[in-house]
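Notes follow the structure.
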There are 2 protein chains.
Amino acid sequence: MSAAHDEPKPTNGPGDLPGQVPLLLAMAFRAMNDRFLGRLAELGREPLRPAHGYTFRYLAAHTDATTVDLAAHLGITKQAASKAVAELEGWGYLTRHPHPRDRRAHALALTGRGRDYLHQADQLWAEAEQEWAEVIGADRLAAVRADLEAYLRHTYGGTEVPLRPVW
Amino acid sequence: MSAAHDEPKPTNGPGDLPGQVPLLLAMAFRAMNDRFLGRLAELGREPLRPAHGYTFRYLAAHTDATTVDLAAHLGITKQAASKAVAELEGWGYLTRHPHPRDRRAHALALTGRGRDYLHQADQLWAEAEQEWAEVIGADRLAAVRADLEAYLRHTYGGTEVPLRPVW
DNA sequence: CCTAGTAGGCAACTCGGTTGACCACATGCA
DNA sequence: TGCATGTGGTCAACCGAGTTGCCTACTAGG
């Protein structure tokens, strides 16, 4: 590393330009995600990727979901979803059993192991959130949450927010 | 699409669980990013990816940056950075000229075309930000920005924030 | 001056997606 | 009832953006 000559980058300070908030959002999420992944590694968890977490969350909330449902929710093709499902099944996080109303389909369900993972992940996210709360205060955090939810409501209306990851 | 039986998902509402704010962050950024990409496509721009934007931003702020500097900043290998640089050079967004102090290296610099793109991108991000401001109010947006900056300062201290994308 | 280190590029590979083709079952309708 | 059309799921080939490994050219410090 070396040469790049640092100029007085106007990246922080009160006199900021508009249009930086989206980037700040991304950086903050990135920071929390890094923290999350670090803690996960510390705890000796498998190399599960964010998409897996979203998968678990979806399956926990929707009974008898199919691979195609999942694909739609994640915003990927059914083939990609199928691969992920096979992998997660192999690792014992979910099971596929005959679908009660469609003999072509498999109904997906989390195993206990899958639910355990989800709970642990929720806890880790809560830790990251808590750290932010300690910096800015619980009241400010609640305000931020409300502001984020307002934006999402505005953007997606009543429809279910596509939970697919930013990767 | 079909079967997935929707349960009363506790994903919104005031009585929310802790640990969801990081996800909200990701979803909000995702929404803004989708909007950004949509507008970019409308304007007939090339298939530039987020990483390219970060590259432009870095080159605009650091004179005589090398490929290795860029790689470090983006958090990728120098080979990957090298590929991206070659691509962007081919498209006329940046130039490589002999480095003034190191004959092994190339000093990277944005072309006018590159600067144009950056300005346009900044404007599009500002649009997305503005949309949020219209939903929650300019004062709340400013508060959110301050809260995000506080978290990033807390996390990265004085060191430069790794601007690498969430992809 | 010689050695250790660094900028950069080439090649082979990985990984998580994609498109395309296909089969099995489902559904609507004449 | 039978059939056309649609949909769940899988296999296979491919793609893009990253990776590791290896090499050369130049730098810089004893």
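We name chains A, B, ... by the order of the sequence lines, and we start the count at 1 in each one. Given the structure is predicted, the values throughout are model-derived calculations rather than measurements.
- Between the side chain of B:Thr111 and the backbone N or O of B:Tyr93 there is at least one donor-acceptor pair closer than 3.5 Å.
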I'd like a list of close polar pairs between nucleotides 27-30 of chain D and the protein, N/O only, cut-off under 3.5 Å.
unit_1: D:dT27; atom_1: OP1; unit_2: B:Arg103; atom_2: N; d: 3.0
unit_1: D:dT27; atom_1: OP2; unit_2: B:Arg103; atom_2: NH2; d: 3.4

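- Following rounding to the nearest Å, A:Ile76 (CD1) and D:dG8 (C1') show an atom-to-atom distance of 15 Å.
- Residue-environment remark: CD (B:Gln123) stays at or below the threshold of 12 foreign heavy atoms within 6.0 Å.
- The side chain to side chain donor-acceptor pair (under 3.5 Å) search around A:Arg115 returns none, not counting sequence neighbours.
- Contact check for A:Leu40 versus A:Phe36: side-chain heavy atoms found under the 4.5 Å cut-off.
- If you check every strand for non-hydrogen atoms under 4.0 Å, B:Thr77 touches a base.
- Interface remark: the B:Lys83 side chain does not form any donor-acceptor pair with the C:dG9 base, using a distance-only criterion of under 3.5 Å.
- In this structure, B:Thr67 reaches the sugar-phosphate backbone alone: every heavy-atom distance under 4.0 Å involves primed, P, OP1 or OP2 atoms, never a base.
- Of the two residues near DNA chain C, B:Ser82 and A:Lys78, the one whose nearest nucleotide lies more 5' is B:Ser82.
- Between the NE2 atom of B:His99 and the P atom of C:dT6 there is a distance of 15 Å, given to the nearest Å.
- The distance from atom OH of A:Tyr54 to atom P of C:dG17 is 13 Å, rounded to the nearest whole Å.
- Across the protein-nucleic acid pair, B:Glu87 atom CD and C:dG8 atom P stand 18 Å apart, rounded to whole Å.
- A:Ala105 comes within 4.0 angstrom of sugar-phosphate atoms only, judged by non-hydrogen atoms across all strands, and of no base.
- Following rounding to the nearest Å, A:His106 (NE2) and C:dC23 (C1') show an atom-to-atom distance of 13 Å.
- Annotation for B:Gly19 and A:Trp125: closest pair O-CB, 3.4 Å, computed over non-hydrogen atoms.
- One can place CG of A:Leu48 at 15 Å from P of C:dC15, the figure rounded to the nearest angstrom.
- B:His154 places none of its side-chain heavy atoms less than 4.5 Å from the side chain of A:Trp132.
- The base of C:dG16 lies outside donor-acceptor range of the side chain of A:Gln79, with no N or O pair under 3.5 Å.
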Hey, can you pull the donor-acceptor pairs under 3.5 Å for the side chains in residues 85-92 of chain B, sequence neighbours left out?
unit_1: B:Glu87; atom_1: OE1; unit_2: B:Arg49; atom_2: NH2; d: 3.1
unit_1: B:Glu89; atom_1: OE1; unit_2: B:Arg96; atom_2: NE; d: 3.2

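- Counting to the nearest Å, the P atom of C:dA7 and the CG atom of B:Asp64 are 14 Å from each other.
- B:Arg49 has its CZ atom 16 Å from the P atom of C:dG17, to the nearest Å.
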